[in-house]
Structure formats: C-alpha cells, structure tokens
K.L.:
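Here it is, the structure, as structure tokens.
In this text the structure is predicted, and so the values were computed from the model without any measurement. Whatever order the structure lists them in is the order used to number ligands and atoms, beginning at 1.
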Amino acid sequence: MLKIEKLFVAYGGIQALRGIDLEVPDGKIVTLIGANGAGKSTTLRTISGLVKAGSGSIQWNGKELLGQSIDKIVEQGIALSPEGRRVFADMTVLENLKIGAYLRKDKAQIEKDIQWIYELFPRLKERSWQLAGTLSGGEQQMLAVGRALMSRPRLLMLDEPSLGLAPLVVQDIFKIIQQINRQGMTVLLVEQNANMALKIADLAYVMETGRITLQGTGRELLANEKVKEAYLGKHAK
Ligand code: ATP
C-alpha cells in the first residue's frame, strides 16, 4: 500500500503540489485525473524520487520513500512509465527492455520476463531487433510500459499512456493494463482520457492546481456531475 500524506512540492517559486493526500491499496487500479498542469506528473515523479518533495510523507508498506534514491525506490518495487514514451531511440526493442531490468541480478528470470512482455505485447516480439526510434507511437508506448514492467514492480505507475495514440491502440493499452492488474500488479494511472481511466479504476482522484478536489470509486466519479462537466465532456456515455 502506498500512502501519501500532506505532500508539498515546488519548482523554484512554483507550488506544484499543495498538500495532497492519496492512497493506492494493493492490487487496485487507482487513477489520477485532472487538467494539464494540475500536478499529476509531479506526483508520480516525486514517488519515483525524480523530484524532491518540500514536505510531507510517502509511505510504501509503512516505509518512508522520501529521501531515498531513485534506484532504491525501483528496488522496492515501484516503476514509472514516463509521459512521452521516453524510449532509447538508437537501441533495439530488446535492448530497451533489458535496460528496464538493470538493477536485477536474476538472469534466468529476466529471460522469462522478456518472454512475458512479448506475450503481453506480441508487436514487440515481432520487432525485437528494430530500433525503438523507428517504432510507431503506439509501439513506443507499449515498449515504455514493457520496460517499466521489466523491473518486476509491485506498483506500476503509468503517466498518460494513451497520449497521442489512435483510439484502437488506446483500447489495446487499457486492456493490457487490466490484464497486468489481474495478474496481481497494483497500478497508479495518470490519464487525460478520464473516461477510459475511470471505467477501469477501482479508485480515482481528481487534481486541480496542486490539490485533490474529489475522490471516489471510478464508477462514482463517472457519474459525478462536476467530473462530467469538466473532464468527460461530450464524449461521456
Ligand atoms: P501535464 O498533463 O500537462 O503534464 P500535470 O498535471 O502532469 O500536467 P505537472 O507536469 O505535474 O502537471 O505540473 C504541475 C505544475 O508544475 C505546472 O504548473 C508546471 O508548469 C510546473 N512544472 C512541472 N515541471 C516543472 C519543472 N521541471 N520546472 C518548473 N515547473 C514545472
């Protein structure tokens, strides 16, 4: 279980997080939705140790994560698939996946996990020797998720996995997120596609300018008038 309490983060003078509280129970899909600049990416980056917090606490199974190094946080089972599919363009698909396992020493299991990723994403298997920079946007997104999975996380954090992708590819990615979750992995999902995210989420949080303004089950927020108006728009069904 991940538990965030009164988390404040600033970039220079800009307050990005203004005291957020958030819980991600084991085995669940939790989503964080909100407008651009609300602080969603900052939340994931702070959990990963990429951004330093001003104050507050982030407990992972009762242990404080703030102040720990990025590698230590990965070692404890938390992985981030960053926004913008940051894959290594000049490396092959397979090399990118292996980088995701850089902290692991269990070579035999790493091989098995590569096969597991190829089962989840058959497209990556077909293209294992292709340079990542030549993949389509959807394939690069799958690779970014696959690479994060290669650290064998217990908590997988996904930053806008659907950004810029065609609707059918988005559906594929969401199906795979649910599939991974059914295999026991906890998921913290940041999404601009609020409609899809709320449909698969057990729990959901709405962020506005650095604060959590609403929370509930995915179903509750899908039915919430404020959420409908602000985030679901005419696409809501
Ligand atoms: P988006 O979907 O656009 O990424 P977000 O909800 O993820 O939005 P953040 O990226 O976390 O929002 O940004 C929160 C606030 O912090 C914004 O005002 C943003 O401009 C600011 N910010 C983010 N990263 C930096 C940075 N590296 N330096 C300065 N300010 C930053």
K.L.:
Using a 4.0 Å cutoff against the non-hydrogen atoms of E160, which atoms of ligand 1 qualify?
P.N.:
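Those atoms are 2 (O).
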
K.L.:
Contact between D202 and T217 at the side-chain level, heavy atoms closer than 4.5 Å - yes or no?
P.N.:
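The answer is no, as the side chains (C-beta and beyond) never meet within the 4.5 Å cut-off.
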
K.L.:
Taking CD in E229 as the centre, count heavy atoms belonging to other residues, nucleotides or ligands within less than 6.0 Å. Is the count above 12?
P.N.:
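Not buried by this count: 12 neighbours or fewer within 6.0 Å.
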
K.L.:
To which protein heavy atom is atom 13 (O) of ligand 1 closest, and what is the distance rounded to 0.1 Å?
P.N.:
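Protein heavy atom with the smallest distance to atom 13 (O) of ligand 1: T42 OG1, 3.7 Å.
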
K.L.:
One residue to check: E83. Relative to ligand 1, which of side chain, backbone, both or neither has a non-hydrogen atom less than 4.0 Å away?
P.N.:
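Looking at E83 and ligand 1, just side chain atoms fall under 4.0 Å.
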
K.L.:
Under the 4.0 Å line, does any protein heavy atom show up next to atom 26 (C) of ligand 1?
P.N.:
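Yes, there is one.
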
K.L.:
Hey, does K40 come in under 3.5 Å of ligand 1, counting only N/O atoms on both sides?
P.N.:
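Between K40 and ligand 1 (N or O atoms, distance only) the closest approach is under 3.5 Å.
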
K.L.:
Do the side chain of E64 and the main chain of I58 share a donor and acceptor less than 3.5 angstrom apart?
P.N.:
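Looks like yes, one N/O pair under 3.5 Å.
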
K.L.:
For atom 4 (O) of ligand 1, which candidate among G37, S41, G210 provides the closest heavy atom?
P.N.:
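That would be S41.
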
K.L.:
How far is atom 16 (O) of ligand 1 from its nearest protein heavy atom, and which residue and atom name does that atom have?
P.N.:
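Result: Y11 CE1, 3.4 Å.
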
K.L.:
Considering only heavy atoms from C-beta outward, does the side chain of Y205 approach that of L221 to under 4.5 Å?
P.N.:
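Y205 vs L221: side chains apart.
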
K.L.:
Please classify the M207 to ligand 1 contact at 4.0 Å (heavy-atom distances, strictly less than): side chain, backbone, both or neither.
P.N.:
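No part of M207 comes within reach of ligand 1.
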
K.L.:
Going by heavy atoms, is A35 under 4.0 Å from ligand 1?
P.N.:
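Yes, A35 has a heavy atom closer than 4.0 Å to ligand 1.
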
K.L.:
Can a donor-acceptor pair be found, under 3.5 Å and without considering hydrogens, that links the side chain of T31 to the backbone of L189?
P.N.:
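A pair under 3.5 Å: yes.
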
K.L.:
Is A38 in polar range of ligand 1, meaning some N or O pair under 3.5 Å apart?
P.N.:
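Yes: some nitrogen or oxygen of A38 is under 3.5 Å from one in ligand 1.
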
K.L.:
G39: heavy atom below 4.0 Å from ligand 1, yes or no?
P.N.:
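G39: in contact with ligand 1 (<4.0 Å).
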
K.L.:
Considering the options K6, K40, M207, R211, which one meets the side chain to side chain contact (heavy atoms under 4.5 Å, CB included) requirement together with L17?
P.N.:
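Exactly one pass, corresponding to M207.
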
K.L.:
Between the main-chain N or O of D106 and the side-chain N or O of Q109, is there a donor-acceptor pair closer than 3.5 Å?
P.N.:
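Between the backbone of D106 and the side chain of Q109 there is no qualifying donor-acceptor contact (under 3.5 Å).
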
K.L.:
Could you tell me whether the side chain of E5 reaches within less than 4.5 Å of the side chain of K3, counting heavy atoms only?
P.N.:
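Of all side-chain heavy-atom pairs linking E5 with K3, at least one is under 4.5 Å.
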
K.L.:
Please report whether atom 20 (O) of ligand 1 has a protein non-hydrogen atom at a separation of less than 4.0 Å.
P.N.:
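Given the 4.0 Å cut-off, atom 20 (O) of ligand 1 does not count as touching protein heavy atoms.
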
